[in-house]
Amino acid sequence: MLKIEKNKNIKAYTTLQLSARAEFFAILKSKEDLQEAIVWSKKNKKPLFILGGGSNVLISQTVKGLTLKNEIKGIKVVEKNKDYILVEAKSGELWGDFVDWSVRHNWHGLENLSLIYGTVGAAPMQNIGAYGVEIKDSFYHLHAIDLKSGQERIFSGPDCHFAYRESIFKNKLKGKYFIYAVTFKLQKMATLQLDYGAIRAHLLERGIKKPSLKNVSATIKIIRTEKLPNPVKMPNAGSFFKNLEISTIKFKALQKKYPDMPSWPISKTKVKIPAAWLIETAGFKGKKFGAVGMHKNQALVLINYRRASARQVLNLVKKIKQTVKKSFGLDLHEEVNII
Ligand SMILES: Cc1cc2nc3c(=O)[nH]c(=O)nc-3n(C[C@H](O)[C@H](O)[C@H](O)COP(=O)(O)OP(=O)(O)OC[C@H]3O[C@@H](n4cnc5c(N)ncnc54)[C@H](O)[C@@H]3O)c2cc1C
């Protein structure tokens, strides 16, 4: 039976560690718990809010209704043949543990996504990505439950409308479904993706010329640990802003003023601009504003240095967005979900 608590402090359930409360709160351990929560929500006319690992949220006010912390676990192989394996992970599994599990089995597809925080269920929300790979690349389908009717529905890849840090669940269907389980198609043999970031250089530094899947995962963990602040020691929510996609024409005009502005092409007419470069050039990298600031090595990562309030964080976010707009005429967009 679902144990519902009232006025719960949920600070510890988010990696940004801002002071935050939920009007009502319960931990989900099964599909039945969720169905019970749906009945409760209807009866009490209160909304439901799903919380995974809390590594991509900024809770700026008391969360209305019932917050459900997802701890529904389980991993199972649903199909196996000589080429690939279909694996279903329940949404409350920790993403990092699930990747480690796939790497231990020597099954290809998720290794470049090692050591990303959060749960399996939140991964399709923003099509998580790192080191040249996104989950859409090995996604098969997902089972989701309608938070109003309790009906289950299967979403294929095209149904999810995956894009850069986007999916239908972050847009048109925001807050409407609970992602219950995600199935991935993992390959028995595949070419390792080593060209992104410093993966190849790190491997060579360690004398590894012909890396295994395990070598790649281990290397990415080393790089990420060196580069990214650990939220346990320095509370943060990863990249706060998304990289920008702008037209090639606009980029060429900007390049005249900023010849060293980095970019990479994403189509014939569009390029991507790293938001970190814009924030650094606007002077925010390593700068502290009272209890908050942008990390000294990673201009994209906003840090809660000491018991910051949501207001302080949002003020800094506003200041950065205004400065970038004034300097470059470009609009930054938050990657983090502001609740
Ligand atoms: C240090 C650090 C590094 C990071 N690096 C990366 C990176 O390299 N790449 C990347 O893409 N992200 C990265 N992130 C962001 C984050 O880890 C991912 O976005 C992750 O998928 C969030 O998972 P979560 O379970 O913590 O989601 P939460 O923060 O709990 O929730 C995020 C959103 O998803 C919704 N949600 C959660 N679970 C479900 C569900 N089962 N059904 C429906 N909706 C749900 C929530 O309501 C909320 O709107 C990083 C974060 C940190 C702190």
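Counting starts at 1 for both ligands and their atoms, in listed order. The structure displayed is predicted, hence computed values, not measured ones.
- Looking at atom 29 (O) of ligand 1, its nearest protein heavy atom turns out to be Asn56 N, 2.8 Å.
- In this structure, atom 46 (C) of ligand 1 lies nearest to the protein heavy atom Ile50 O, 3.1 Å.
- Residue-to-ligand polar distances keep Leu51 apart from ligand 1: every N/O pair is separated by 3.5 Å or more.
- Annotation for Lys287: atom NZ does not count as buried by contact number, only 12 or fewer foreign heavy atoms lying within 6.0 Å.
- Distances from atom 3 (C) of ligand 1 to the heavy atoms of Gln298, Arg224, Lys174 put Arg224 nearest.
- Atom NZ of Lys270 is surrounded by 12 or fewer heavy atoms from other residues, nucleotides or ligands within 6.0 Å.
- Considering only non-hydrogen protein atoms, atom 16 (C) of ligand 1 sits nearest to Ser55 OG, 3.3 Å.
- Scanning the protein heavy atoms around atom 28 (P) of ligand 1, the nearest turns out to be Gly54 N, 3.6 Å.
- Close N/O approach between Gly129 and ligand 1 is found [any backbone or side-chain N/O within under 3.5 Å].
- Under 4.0 angstrom from ligand 1, there are no non-hydrogen atoms of Lys170.
- Considering both main-chain and side-chain atoms, Gln126 comes within under 3.5 Å of ligand 1 through a nitrogen or oxygen pair.
- The distance criterion of under 3.5 Å between nitrogen or oxygen atoms is met by Tyr117 with respect to ligand 1.
- An N or O contact shorter than 3.5 Å is missing between Phe178 and ligand 1 by distance.
- Side-chain contact between Glu93 and Ile75 is present, with heavy atoms from C-beta onward closer than 4.5 Å.
- Remark: aromatic rings of Trp107 and Phe184 are distant, center separation not under 6.0 Å.
- The residue among Ser239, Ala122, Pro124 with a heavy atom at the shortest distance from atom 38 (N) of ligand 1 is Ala122.
- Here the heavy atom of the protein found nearest to atom 42 (N) of ligand 1 is Ile179 N, 2.8 Å.
- For ligand 1, the polar-atom distance check finds no N/O of Thr15 at less than 3.5 Å from any of the ligand's N/O atoms.
- There is a side-chain donor-acceptor pair under 3.5 Å between Glu79 and Tyr84.
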